[in-house]
Amino acid sequence: MKIATWNINSIKMRLPHVLTWLESAKPDVLCLQEIKCATEEFPTLELKGLGYHALVSGQKAYNGVALLTREAVRDPELGLPGDPGDAQARYIEATIGDVRVASIYLPNGNPTTSDKFPYKLAWMERLALRARALLESEMPVVLAGDYNVCPTDADVYDPEGWREDALCRRETRARFRTILNFGYTDAFRIFHPEPHRYSFWDYQAGRWMRDEGLRIDHLLLSPQAADRVIAVDIDKEPRARDKASDHTPVWCELSTAR
DNA sequence: ATGGTAGCCTTGCTA
């Protein structure tokens, strides 16, 4: 089972790219973030034409996440538990086959002097609680998405310049490690120990052309999922296209249950 | 040289 994550920065702008990538990469599940549209505006019919179901938690203008799946999902859950007053559409979760999959758009948290930073940290603590609860199911779990977290300096083109940014701050990295310490694995690092492999390049200042990026899109695997992972990679091809998202897909392949 | 780009819409906010 191939499971991918991609922050597409508006489904309306990126639908042709998404359709092209689905046709070539053929994932069983594609976790989308920043769809930037209301649920009823999502292009469900166009995706159905390619053979994908869409489970959507939309929001007008900002945020919004979705799960595109070849087979129908079971037990869908919209929203991250723990704060009924949180109106931002950043989390969606469902079962596909025997795997529990979440599409996550973790808050950016900048500027760190604003209330956005404590919101990010609190959101990460809620995510950790959910991640821990999912372990109790003993299912394979894949927590996929734009974490807005550079786990280490090896995931940043300019660690000194980014040290005080919300994506790199020690408080942010500590909360990310909390989830790893429960027993989740950063899938990319199983197969790719080399530093400076990125999933995001800012639109500004020629960052893509200079390969000055960040690795902030992650697939976190529960022990039962990590036992089955046979490949992981970042597909840089979509980032090179005209009118590209500033993120590119990250994917993993799990062997079939036996 | 403290900029630059992109997408949305509250022509400012978010990233």
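Letters go in sequence order (proteins before strands), and every chain restarts at 1. Just so it is clear, the values below take in all heavy atoms, side chains as well, and ignore hydrogens, waters and symmetry mates.
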If I take atom [atom1] in residue [X] and atom [atom2] in nucleotide [N], what distance separates them, rounded to the nearest angstrom?
{"X": "Y147(A)", "N": "dA15(B)", "atom1": "OH", "atom2": "P", "result": "18 Å"}
{"X": "N63(A)", "N": "dC13(B)", "atom1": "CG", "atom2": "P", "result": "16 Å"}
{"X": "L214(A)", "N": "dA15(B)", "atom1": "CG", "atom2": "P", "result": "15 Å"}
{"X": "D246(A)", "N": "dG4(B)", "atom1": "CG", "atom2": "C1'", "result": "14 Å"}
{"X": "Q88(A)", "N": "dC13(B)", "atom1": "CD", "atom2": "P", "result": "16 Å"}
{"X": "D146(A)", "N": "dA15(B)", "atom1": "CG", "atom2": "P", "result": "10 Å"}
{"X": "W162(A)", "N": "dA15(B)", "atom1": "CH2", "atom2": "P", "result": "13 Å"}
{"X": "I216(A)", "N": "dA15(B)", "atom1": "CD1", "atom2": "C1'", "result": "9 Å"}

Pairwise [atom1] distance, [M] and [N] [rounded to whole Å]:
{"N": "dT14(B)", "M": "dC9(B)", "atom1": "P", "result": "15 Å"}
{"N": "dT11(B)", "M": "dG7(B)", "atom1": "C1'", "result": "13 Å"}
{"N": "dA1(B)", "M": "dG12(B)", "atom1": "C1'", "result": "25 Å"}
{"N": "dC8(B)", "M": "dG3(B)", "atom1": "P", "result": "25 Å"}

What orientation do H192(A) and F188(A) show, parallel under 30°, tilted 30 to 60°, or perpendicular over 60°?
parallel
Just say parallel, tilted or perpendicular for the rings of F200(A) and H247(A), cut-offs at 30° and 60°.
tilted
Between R207(A) and R90(A), which has a closest nucleotide on DNA chain B that is more 5'?
R207(A)
I need the single residue from D217(A), D246(A), T248(A), D155(A) that forms a side chain to side chain donor-acceptor pair (under 3.5 Å) with S199(A). Which is it?
D217(A)
Once each nucleotide of nucleotides 5-10 of chain B is scored for protein heavy atoms under 4.0 Å, what B/S/- sequence comes out, 5' to 3'?
BSSSS-
Across the strands shown, which category fits F200(A) at heavy-atom distances under 4.0 angstrom: base, sugar-phosphate, nothing?
nothing
Atom pairs and distances, side-chain donor-acceptor, residues 64-71 of chain A, under 3.5 Å, sequence neighbours left out:
residue : atom : partner : partner atom : Å
T69(A)  : OG1  : E71(A)  : O            : 2.7
R70(A)  : NH2  : Y52(A)  : OH           : 3.4
E71(A)  : OE1  : G97(A)  : N            : 3.4

Strictly below 4.0 Å, N to O, side chains only: are D211(A) and R239(A) in salt-bridge contact?
no
Between Y147(A) and F176(A), ring centroids under 6.0 Å
yes
Would you be so kind as to tabulate the donor-acceptor pairs closer than 3.5 Å made by side chains of residues 132-145 of chain A, with sequence neighbours excluded?
residue : atom : partner : partner atom : Å
S137(A) : OG   : L134(A) : O            : 2.6
S137(A) : OG   : M139(A) : N            : 3.2

